[in-house]
Each structure stands twice: as structure tokens, then as C-alpha cells.
Amino acid sequence: MMALSSKIEWTDATWNPVRGCTKISPGCKHCYAETFAERFRGVKGHPYEQGFDLRLVPEKLSEPFQWNSPKLVFVNSMSDLFHTAIPDEYVEGVSQVMTIADWHTYQVLTKRSERLCGLLNGKLRFAADRENIWWGVSVEDRKHGLPRVAHLAQAASTG
Ligand code: SF4
């Protein structure tokens, strides 16, 4: 992981080409994304009209291309990119955008580390070692966190 240079003026952005998720571990108990999304369930025309139900948002895929100046982009702050309900092809599409719109730095955090590891060693090989993409796992405690860190290390060591 690279340190952010103090010479660069960074602004933060969130990019959500997927909305919604389902819980997978105790760290999900107080999921802020769920609380936020559910507040708008049933609100006509709102991005979270369907609450926290998982859905793909393909019209958001090209969003990073519209940001001309470099941003630190939090990817899927309202979901988990490695959720099993998201097809490999879609995760590949998101990753292609990150490799092409490479003036941004992307931070991807997941609790689904096994799938992250599998894909980084497979279909996402092209994006695994990009300096502008930080692949990470969230660690809420030793029991759930350590296996995720091990998966991440496994993905990195084969690179
Ligand atoms: S994996 Fe993340 S986004 Fe999904 S329910 Fe858990 S805390 Fe929320």
C-alpha cells in the first residue's frame, strides 16, 4: 500500500456501482450502510427506494471517468463488491474501470475475503497488482479478521 503524498490535493469520493448487501459476520451488526439505506425504503425515485436490497447499478459504472481530478475513491461504501450475488463479470467490469480510470486511487474493502482471494488469483489477475487499487479486508475481531488477512496475504503472495 502506498502512502498518500502530501503534495497531492486529494478529495474523497464514494462510488457505488452496487447498492445493498446482506450480513455475513458479527461486524455487520451495526452496519451504517443498512441503517442509511433502509431510511429511504419506499421513497419514490430515491437511490435507496429499495432499501438495502442488493442490486447492481450499471449506470454508475462509468462515474469515475467523469471526475477529472484525482480522487481517493471508496468503492462500494454501500455494499460489498465480493458478495456472492454479484456476478464475476460485473466485478470484472468494476475492476476494469479502476484500471483504466487510473488517475484515481481506489479503496476496496470486503468481508468476503475468500472470493476476493479467488478472483485476484483468477479473473481479476489484471487488477491485482495495480498501485492505484488498494484491496483490503475489514477486520472486526481476531476470529473473523485473521482468516481474512490470511486470504489477502495468499492473494498477494502469488502475484
Ligand atoms: S458486509 Fe459490510 S455492507 Fe455488507 S452488511 Fe456487512 S457491514 Fe454492511
Review point. Parallel, tilted or perpendicular: which fits the ring planes of H104 and Y106, with parallel below 30° and perpendicular above 60°?
Key: perpendicular
Point to revise | Non-hydrogen side-chain atoms of Q96 and F126 separated by less than 4.5 Å | key: yes
Review point. At their closest point, which heavy atom of K123 faces which heavy atom of D88, and how far apart are they?
Key: NZ-OD2, 3.0 Å
Study note, to complete from the structure: So CZ of F65 and CD1 of I100: to nearest 0.5 Å the spacing works out to 5.0 Å
Check your understanding: In Å, rounded to the nearest 0.5 Å, how long is the span from CE of M78 to OG1 of T14?
Key -> 9.0 Å
Check your understanding: Between D80 and T110, does any side-chain donor sit less than 3.5 Å from a side-chain acceptor?
Key -> yes
Practice item. For residues R55 and Q50, report the shortest heavy-atom separation together with the two atoms involved. Key: CD-OE1, 3.2 Å
Check your understanding: For the side chain of W135 and the backbone of A127, is there at least one donor-acceptor N/O pair under 3.5 Å apart?
Key -> yes
Study note, to complete from the structure: Nearest heavy-atom approach of S77 to N16 is N-OD1, 2.9 Å
Review point. Is the side chain of W15 donor-acceptor paired with the backbone N or O of S62 at a distance under 3.5 Å, no angle test?
Key: no
Check your understanding: For V137 and K111, what are the C-alpha separation, side-chain angles and deciding distance, and is it a side-chain contact (heavy atoms from CB on, under 4.5 Å)?
Key -> CA-CA 6 Å; V137 293; K111 286 191 169 69; over 6 Å; no
Review point. How far apart are the closest heavy atoms of V139 and G145, and which atoms are they?
Key: CG1-CA, 3.7 Å
Exercise for review: Say whether, by atom type as modelled, one donor and one acceptor occur between the side chain of S79 and the main chain of L81 under 3.5 angstrom.
Suggested key: no
Point to revise | Shortest non-hydrogen contact from L54 toward C21 | key: CD1-CA, 4.1 Å
Point to revise | Flag if over 12 foreign heavy atoms under 6.0 Å of CD, E114 | key: no
**Study point:** Side-chain heavy-atom pair V18, Y90 within 4.5 angstrom cut-off
**Key:** yes
Check your understanding: If we only count heavy atoms from C-beta on, is the H83 to T22 side-chain gap below 4.5 Å?
Key -> yes
Practice item. Starting from the C-alpha separation in whole Å, work towards a yes-or-no answer on salt bridge (Lys or Arg N to Asp or Glu O under 4.0 Å) for E49 and R41. Key: CA-CA 5 Å; E49 183 179 350; R41 183 180 286 279; over 6 Å; no
**Study point:** Euclidean distance, S113 OG relative to H144 NE2, rounded to 0.5 Å
**Key:** 11.0 Å
Revision key, fill the gap. CG (N121) and NE2 (H151) are apart, to the nearest 0.5 Å, by 11.0 Å
Check your understanding: Who passes side-chain contact (heavy atoms from CB on, under 4.5 Å) against N68, sequence neighbours left out?
Key -> none
Practice item. Step by step, work out the side-chain contact (heavy atoms from CB on, under 4.5 Å) result for W103 and N132. Key: CA-CA 8 Å; W103 54 96; N132 71 311; over 6 Å; no
**Study point:** Non-hydrogen side-chain atoms of L72 and W134 separated by less than 4.5 Å
**Key:** yes
**Study point:** Row check, F52 ring normal vs R19 NZ/CZ: under 6.0 Å, within 45°
**Key:** no
Review point. So F36 and Y48, would you call those rings parallel, tilted or perpendicular, with 30° and 60° as cut-offs?
Key: perpendicular
Practice item. Verify the cluster assignment for I86 and V57: are they in a single hydrophobic cluster under the rule of side-chain heavy atoms below 4.5 Å apart? Key: no
Practice item. May I ask you to test the L109-F74 pair for a side-chain heavy-atom distance under 4.5 Å? Key: no
Practice item. Output the distance between atom CZ (R112) and atom CZ (R115), rounded to the nearest 0.5 Å. Key: 10.0 Å
Practice item. Using distance alone, with no hydrogens and no angle criterion, decide if R148 and S25 have a side-chain donor and acceptor under 3.5 Å apart. Key: yes
**Study point:** For G27 against E140, the heavy-atom pair lying closest together
**Key:** N-OE2, 2.9 Å
Exercise for review: Would you mind reporting whether V108 and N76 have side-chain heavy atoms less than 4.5 Å apart?
Suggested key: no
